[in-house]
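Below you'll find the structure, written out as structure tokens, and then a few comments.
The chains referred to below are lettered A, B, ... by the order of the sequence lines, with proteins before strands, and numbering in each begins at 1. Hydrogens, waters and symmetry mates play no part in the numbers below; they use all other heavy atoms, side chains included.
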Amino acid sequence: MSAFRSEFLTEFAARGHLHQCTNADGLDALMAKEHVPAYIGFDCTAASMHIGNLTQIMRLRILQRGGHKPIVVVGGGTTKIGDPSGKDETRQLLTDEKIEVHKERFKEIFRRFLKFGDGPSDAIMVDNADWLDKLPYIPFLREIGRHFSINRMITMDSVKLRLDREQPLSFLEFNYMILQAYDFVELFRRHGCRLQMGGSDQWGNIVSGIDLARRTDNVELFGLTSPLITTSSGAKMGKSAAGAVWLSADMLSPYDYWQYWRNVEDADVGRFMRIFTDLPLAEIARLESLQGSELNESKKILANEATALCHGSAEAERAAEAARQTFEGGGVSANLPTLEVPKAEWRAGLGILAAFTRAGLTSSNGDARRQIAGGGLRINDEPATDEKLVLTGEHLRDGAVKLSLGRKKHVLLRPV
RNA sequence: GGGGGAGUGUCCCGAGUGGCAAAGGGGGCGGACUGUAAAUCCGCUGGCUGACGCCUUCGUAGGUUCGAGUCCUACCUCCCCCA
């Protein structure tokens with residue numbers, strides 16, 4: 001299992017993406033001899049993708065580097081159903097309008113990470129709404145539904161989990177597996193897609209597609225899953241102070257994105273570099289072997305690389321510079337996230353409670369009060385002690401006030 | 001269709017049966033210690049207020065009561081058993 005012949009599987013495994021494969025030897029042989037179209041599906045459940053989805057995108061990048069064709073499937077159709085895999089509860093149903101908006105935002109993100117076009121290893125993007133939305137019910141049941149055994153379906157983890165926990169599973173959700181299976185077959189027919197990848201929670205759905213294809217089209221398709229990425233301390237990845245680690249700059253600034261990577265645990269540096277950057281494996285091995293505080297340099301490289309991939313090298317550079325000035329220079333960087341307040345409002349007198357809350361550092365005036373009591377707020381690096389303080393011109397440094405929550409979170413408040 | 005059970009601080013789990021802004025966890029945030037790490041210890045974790053205090057919260061809507069998460073009625077959602 002360890003020695004693969006195909007460039008793709010070799011790198012895929014070396015970077016820690018390999019969890020299960022339906023037929024590793026068969027897939028390896030196939031990928032060593034031809035360009036294989038392969039897909040990953042993404043449901044449009046949120047207004048942006050986060051680094052959990054990024055793991056999937058990185059897998060498509062490896063695929064593309066290996067000379068194969070990535071097929072990005074946006075789930076315009078399946079999002080209307082809601083995948084029960086790995087979830088305790090039914091997700092709230094999204095409106096069609098929202099799904100459309102999310103879809104467009106997803107497309108924009110994919111274009112940053114993958115090269116699209118008509119070439120043999122250029123990525124393509126398709127929407128499963130194109131074939132799912134207009135499926136006629138009875139013919140679909142007769143052609144596809146008859147291949148699915150309820151007996152088998154209720155043993156699948158995605159279904160079993162719900163049943164075992166006595167959580168509701170609607171018929172709508174129950175159908176998700178069937179539709180995803182059908183997607184795979186449809187992608188094979190339309191684009192010659194032979195491989196579906198996904199997280200380990202997708203195993204059942206993927207295998208269902210492979211079974212279906214064997215029955216309907218008498219063809220062997222392949223499935224490849226990846227481990228769920230967690231931090232060393234066991235937490236699911238992707239949570240930051242502000243919530244999920246989003247890939248869209250309007251939901252998480254490049255500065256904060258950079259900071260997320262800069263702050264990973266020591267034990268995660270190498271593993272994350274392999275997954276979330278394109279750095280050569282030998283280089284990563286060297287960087288993760290650094291001891292003690294020297295590892296901080298590796299974390300900066302991780303942050304630079306990951307941010308450059310997502311937001312471009314210019315933004316990564318700005319974020320790195322802002323961090324350097326803020327944490328190492330003891331100064332104020334103009335590149336910190338900035339909140340502009342109208343001059344009129346500024347002159348009317350802005351209390352610090354309101355200022356911190358406006359800046360998003362505290363959630364309410366009460367929260368700001370509690371943080372002051374706990375010594376967590378600073379103004380221009382001076383601890384804030386008086387909650388009645390009103391900001392004035394004398395607080396301005398180069399036209400802005402630096403507000404800080406804790407050691408790490410800073411916002412510049414700038415009257416304009 | 002019949003019977004039984006459940007919905008609690010909108011991050012999660014979960015105690016609570018007439019006096020509750022509501023126990024306890026987890027998570028999160030802050031402080032100390034560090035290396036913007038981990039581990040550990042401490043504090044905070046409904047809104048407004050300088051403060052006394054006021055307001056809003058226990059599935060929804062009514063009712064009983066000086067007073068209801070707690071009792072009553074109807075409704076909604078879900079689970080289990082029977083059909």
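When heavy atoms are screened at a 4.0 angstrom cut-off, A:A373 is found touching no nucleic acid atom at all. Within 4.0 Å of A:Q259, counting heavy atoms only, lies at least one base atom of the nucleic acid. Note on A:L377: nothing from the nucleic acid sits closer than 4.0 angstrom, heavy atoms only.
Rounded to a whole angstrom, the distance from the P atom of B:rC71 to that of B:rU17 is 9 Å. For B:rC29 and B:rC78, the C1' atoms lie 34 Å apart once the distance is rounded to whole Å. The separation of B:rU8 from B:rG14, taken at their C1' atoms, amounts to 9 Å, rounded to a whole angstrom. Only the P atoms considered, B:rU60 is 15 Å distant from B:rC12, to the nearest whole Å. For the P atoms, the distance linking B:rC41 with B:rU56 amounts to 40 Å, nearest Å. A distance of about 10 Å separates the P atoms of B:rG27 and B:rA39, rounded to the whole Å. For B:rG2 and B:rG24, the P atoms lie 43 Å apart once the distance is rounded to whole Å.
Inspection of the A:T357 and A:T362 side chains reveals an N or O donor paired with an N or O acceptor under 3.5 Å. A side-chain donor-acceptor contact under 3.5 Å links A:Q56 and A:R59. Between the side chains of A:Q196 and A:Q180, at least one donor-acceptor pair of N or O atoms lies under 3.5 Å.
Ion pairing between A:E328 and A:K300 holds under the 4.0 Å rule for side-chain N and carboxylate O. Ion pair A:E387/A:R369 flagged as a salt bridge, since at least one NZ, NE, NH1 or NH2 atom sits closer than 4.0 Å to an Asp/Glu carboxylate oxygen.
Atoms CG (A:N263) and C1' (B:rU34) sit 13 Å apart, rounded to a whole Å. In this structure, the CD atom of A:E294 is 16 Å from the C1' atom of B:rU34, given to the nearest Å. Following rounding to the nearest Å, A:N296 (CG) and B:rA38 (P) show an atom-to-atom distance of 11 Å. Distance A:R262 CZ to B:rG35 P: 12 Å, rounded to the nearest Å. Distance, A:E265 CD to B:rA37 C1': 8 Å, rounded to whole Å. Taking atom CD1 on A:I352 and atom P on B:rU49, their separation rounds to 13 Å, with Å as the unit. Spacing between atom CZ of A:F272 and atom C1' of B:rA37 amounts to 13 Å, rounded to whole angstrom units. Here B:rU36 presents its C1' atom at 13 Å from CG of A:L336, a figure rounded to the nearest Å.
Nucleotide B:rG1 is matched to B:rC82 when pairs are restricted to Watson-Crick or G-U wobble geometry with both distances under 3.5 angstrom. Under the Watson-Crick or G-U wobble criterion, with both distances below 3.5 Å, B:rG46 is paired with B:rC55. Applying the Watson-Crick and G-U wobble criteria (two distances, each under 3.5 Å), B:rU40 pairs with B:rA32. Across the strands present, B:rU17 finds no partner; the criterion is a Watson-Crick or G-U wobble pair with both atom distances under 3.5 angstrom. When both distances must be under 3.5 Å, the Watson-Crick or G-U wobble mate of B:rU65 does not exist. With a cut-off of 3.5 Å on both pairing distances, B:rA22 has no Watson-Crick or G-U wobble partner at all.
Distance check, rounded to the nearest 0.5 Å: CG of A:D83 to OG1 of A:T45 gives 10.0 Å.
Minimum atom distance to the side chain of A:L405 is reached by B:rC29, of the listed B:rC29, B:rU36, B:rC48.
The side chain of A:K408 places no N or O atom within less than 4.0 Å of a non-bridging phosphate oxygen (OP1 or OP2) of B:rC29. In this model, the phosphate group of B:rG47 is not approached by any side-chain N or O of A:N365 to a distance below 4.0 Å at OP1 or OP2.
Below the 3.5 angstrom threshold, one finds a donor paired with an acceptor across the side chain of A:D266 and the base of B:rG35.
Separation of the A:F8 and A:H17 ring centroids does not fall under the 6.0 Å cut-off. In this structure, the ring of A:F110 has its center no less than 6.0 angstrom from the ring center of A:F116. Checked against the 6.0 Å centroid threshold, A:Y257 and A:W246 do not count as a close aromatic pair. Taking the six-membered ring for Trp and the full ring otherwise, A:F12 and A:F4 have centroids separated by 6.0 Å or more.
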Give each protein N/O atom lying under 3.5 Å from an N/O atom of nucleotides 42-46 of chain B, with the pair distance.
none

Review item, nucleotides 50-57 of chain B N/O atoms under 3.5 Å of protein N/O:
none

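With A:I62 as the fixed residue, the side-chain contact (heavy atoms from CB on, under 4.5 Å) test singles out one of A:H68, A:R15, A:M197: A:R15.
When all heavy atoms of A:L247 and A:C310 are compared, the closest pair comes out as O-SG, 3.5 Å.
In this structure the side chain of A:S404 reaches within 4.5 angstrom of the side chain of A:D381, judged on heavy atoms.
Looking at residues 304-319 of chain A, you'll see that no heavy atom sits under 4.0 Å from any atom of RNA chain B.
Taking the six-membered ring where the residue is Trp, A:F276 and A:W261 present tilted rings, their angle falling between 30° and 60°.
For the pair A:R407 and A:Q291, both in contact range of RNA chain B, the more 5′-proximal nearest nucleotide belongs to A:R407.
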